[in-house]
Amino acid sequence: MDAKVSALLNDQINKEFYSAYLYLDMANFYSQKGLDGFANWYEIQAKEEQDHAMLIYQYLQNNGEQVTLEAIAKPDKTYETPMDPLKAALAHEQYVTSLINTIYEAAQVVKDFRTTQFLDWFIKEQGEEEKNSMDQITKMELYGEDARSLYMLNSELASRTYSAPSLVL
């Protein structure tokens with residue numbers, strides 16, 4: 001594997017674990033506000049991000065690459081309203097999409113087709129992540145000011161269950 005591609009993948013492991021920390025921080029914010037459904041959504045989101053990190057970790061190992069784990073940064077966002085984490089999550093997912101695109105492009109340049117194929121799943125996943133974030137913002141804009149509607153949205157998010165990704169390495 002090309003050294004640059006390997007380094008970018010290693011860095012992405014750290015970014016995915018940071019994403020998990022960020023989403024746990026958002027879950028904590030919602031928990032403190034009594035919005036357990038929103039907290040559930042972001043707790044599951046954190047588990048998904050950990051899974052993403054582990055998929056990349058396993059991919060590097062399966063390809064004989066050295067995995068280097070770095071310190072995970074502390075989330076530095078503060079939230080005041082229930083909308084704040086939703087907007088921050090969308091911005092973060094857009095950032096992660098740009099990171100995945102950068103790795104994909106680097107792999108294409110060196111004709112690392114195995115890595116581009118591996119990243120195809122992540123590209124699709126990022127599309128889903130961004131759409132979910134946009135949908136939550138739209139729903140909050142429509143219903144968030146009304147207590148009953150917010151209760152229903154919170155209940156909807158509480159029904160989310162965890163399922164591990166089914167990516168074959």
Side-chain angles (χ1 to χ4, degrees), residues 8-9 11-57 59 71-106 108 116-168:
L8 287 169
L9 287 167
D11 189 50
Q12 191 62 31
I13 292 170
N14 182 272
K15 301 289 191 213
E16 297 292 339
F17 280 127
Y18 172 79
S19 296
Y21 268 34
L22 182 66
Y23 290 138
L24 282 176
D25 192 47
M26 290 175 183
N28 186 47
F29 169 81
Y30 285 121
S31 251
Q32 292 172 352
K33 297 289 183 192
L35 294 167
D36 58 333
F38 284 83
N40 175 66
W41 177 274
Y42 283 104
E43 287 168 3
I44 290 172
Q45 200 62 29
K47 289 177 188 175
E48 283 191 4
E49 301 303 338
Q50 291 170 338
D51 286 346
H52 297 169
M54 293 307 297
L55 287 169
I56 298 167
Y57 170 90
Y59 177 76
I72 301 167
K74 177 182 176 183
D76 62 352
K77 304 272 187 232
T78 56
Y79 311 111
E80 308 234 348
T81 71
M83 178 64 88
D84 293 343
L86 302 179
K87 289 184 176 179
L90 175 59
H92 184 73
E93 289 300 340
Q94 291 168 333
Y95 169 67
V96 171
T97 297
S98 75
L99 295 172
I100 297 295
N101 290 343
T102 297
I103 302 167
Y104 195 95
E105 182 178 21
Q108 279 185 321
T116 57
Q117 184 179 30
F118 169 71
L119 291 172
D120 283 343
W121 181 88
F122 284 88
I123 290 170
K124 181 177 180 270
E125 177 72 6
Q126 283 309 119
E128 292 172 11
E129 299 286 11
E130 287 186 29
K131 183 177 182 333
N132 286 338
S133 291
M134 289 185 286
D135 288 350
Q136 286 183 2
I137 290 169
T138 299
K139 288 177 182 180
M140 183 64 85
E141 287 172 343
L142 290 171
Y143 311 119
E145 298 298 318
D146 176 66
R148 289 181 189 166
S149 296
L150 182 59
Y151 175 80
M152 291 182 71
L153 181 54
N154 187 62
S155 297
E156 175 186 318
L157 296 175
S159 69
R160 183 182 188 195
T161 59
Y162 174 73
S163 63
S166 58
L167 176 64
V168 178

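Since this is a predicted model, take the numbers as computed values, not measurements. Numbers here are sequence positions counted from 1.
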*Step by step, work out the side chain to side chain contact (heavy atoms under 4.5 Å, CB included) result for Met26 and Gln45.*
CA-CA 10 Å; Met26 290 175 183; Gln45 200 62 29; over 6 Å; no
*Checking side chain to side chain contact (heavy atoms under 4.5 Å, CB included) for the pair Lys77/His92: CA distance, chi angles, key distance, verdict?*
CA-CA 11 Å; Lys77 304 272 187 232; His92 184 73; over 6 Å; no
*May I have the step-by-step check of side chain to side chain contact (heavy atoms under 4.5 Å, CB included) for Gln136 and Leu157, ending in yes or no?*
CA-CA 9 Å; Gln136 286 183 2; Leu157 296 175; 3.7 Å; yes
_side chain to side chain contact (heavy atoms under 4.5 Å, CB included) between Glu129 and Phe122, intermediate numbers included_ = CA-CA 10 Å; Glu129 299 286 11; Phe122 284 88; over 6 Å; no
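Atom OH of Tyr57 is surrounded by 12 or fewer heavy atoms from other residues, nucleotides or ligands within 6.0 Å.
Contact of the Asn40 side chain with the Arg160 side chain is registered, since non-hydrogen atoms from C-beta on lie closer than 4.5 Å. Looking only at side-chain heavy atoms (C-beta outward), Glu156 and Trp41 stay at 4.5 Å or farther from each other. Using a 4.5 Å cut-off on side-chain heavy atoms (C-beta onward), Leu22 and Tyr18 make contact. Side-chain contact check for Phe17 versus Met54: some heavy-atom pair is nearer than 4.5 Å. Residues Met83 and Glu141 form a side-chain contact, since some pair of their non-hydrogen atoms from C-beta on lies under 4.5 Å apart. At least one side-chain heavy atom of Leu9 sits less than 4.5 Å from a side-chain heavy atom of Leu119. A heavy-atom distance below 4.5 Å is not found between the side chains of Met134 and Glu93.
Salt-bridge annotation for Asp135 and Lys131: present, with a side-chain N of the basic residue lying under 4.0 Å from a carboxylate O of the acidic one.
Residue Tyr42 forms a ring-ring contact (aromatic ring centres under 6.0 Å, His included) with just one option from Tyr162, Tyr21, Tyr79, Tyr23, and that option is Tyr23.
The OG1 atom of Thr116 sits 8.5 Å away from atom CD1 of Ile123, with the distance rounded to the nearest 0.5 Å. The structure places CG of Leu55 at 10.0 Å from CD1 of Ile13, a figure rounded to the nearest 0.5 Å. With values rounded to the nearest 0.5 angstrom, Leu153 atom CG is found 10.0 Å from Leu142 atom CG. The line from NZ of Lys15 to CD1 of Ile56 is 12.0 Å long, rounded to the nearest 0.5 Å. Rounded to the nearest 0.5 angstrom, Leu35 CG and Asn154 CG are separated by 5.0 Å. Atom CG of Leu150 sits about 12.0 Å away from atom NZ of Lys33, to the nearest 0.5 Å.
In summary, the side chains of Thr81 and Asp84 do present a donor paired with an acceptor at a separation below 3.5 Å, with no hydrogens or angles considered. For the residue pair Asp120 / Tyr104, a side-chain donor-acceptor distance below 3.5 Å is found, with atom types taken as modelled. No donor-acceptor contact under 3.5 angstrom links the side chains of Gln126 and Glu130, judged on distance only.
The heavy-atom pair separating Gln12 from Val96 by the smallest distance is NE2-CG1, 3.9 Å. Ala20 and Glu49 get closest at one heavy-atom pair: N-CB, 3.7 Å. For the pair Ala46 and Leu24, the tightest heavy-atom approach, listed with the atom from each and the gap, is CB-CG, 3.7 Å. For the pair Asn14 and Ala71, the tightest heavy-atom approach, listed with the atom from each and the gap, is ND2-O, 2.8 Å. Here the closest heavy-atom approach between residue Leu8 and residue Thr102 is recorded as CD1-O, 4.3 Å.
With sequence neighbours excluded, the residues that form a side-chain hydrogen bond (donor to acceptor under 3.5 Å, both in side chains) with Lys124 are Glu128. Phe38 pairs by the ring pair (Phe, Tyr, Trp, His ring centres under 6.0 Å) definition with Tyr30, not counting sequence neighbours.
Taking the six-membered ring where the residue is Trp, Phe118 and Tyr59 present parallel rings, their angle staying beneath 30° rather than reaching 60°.
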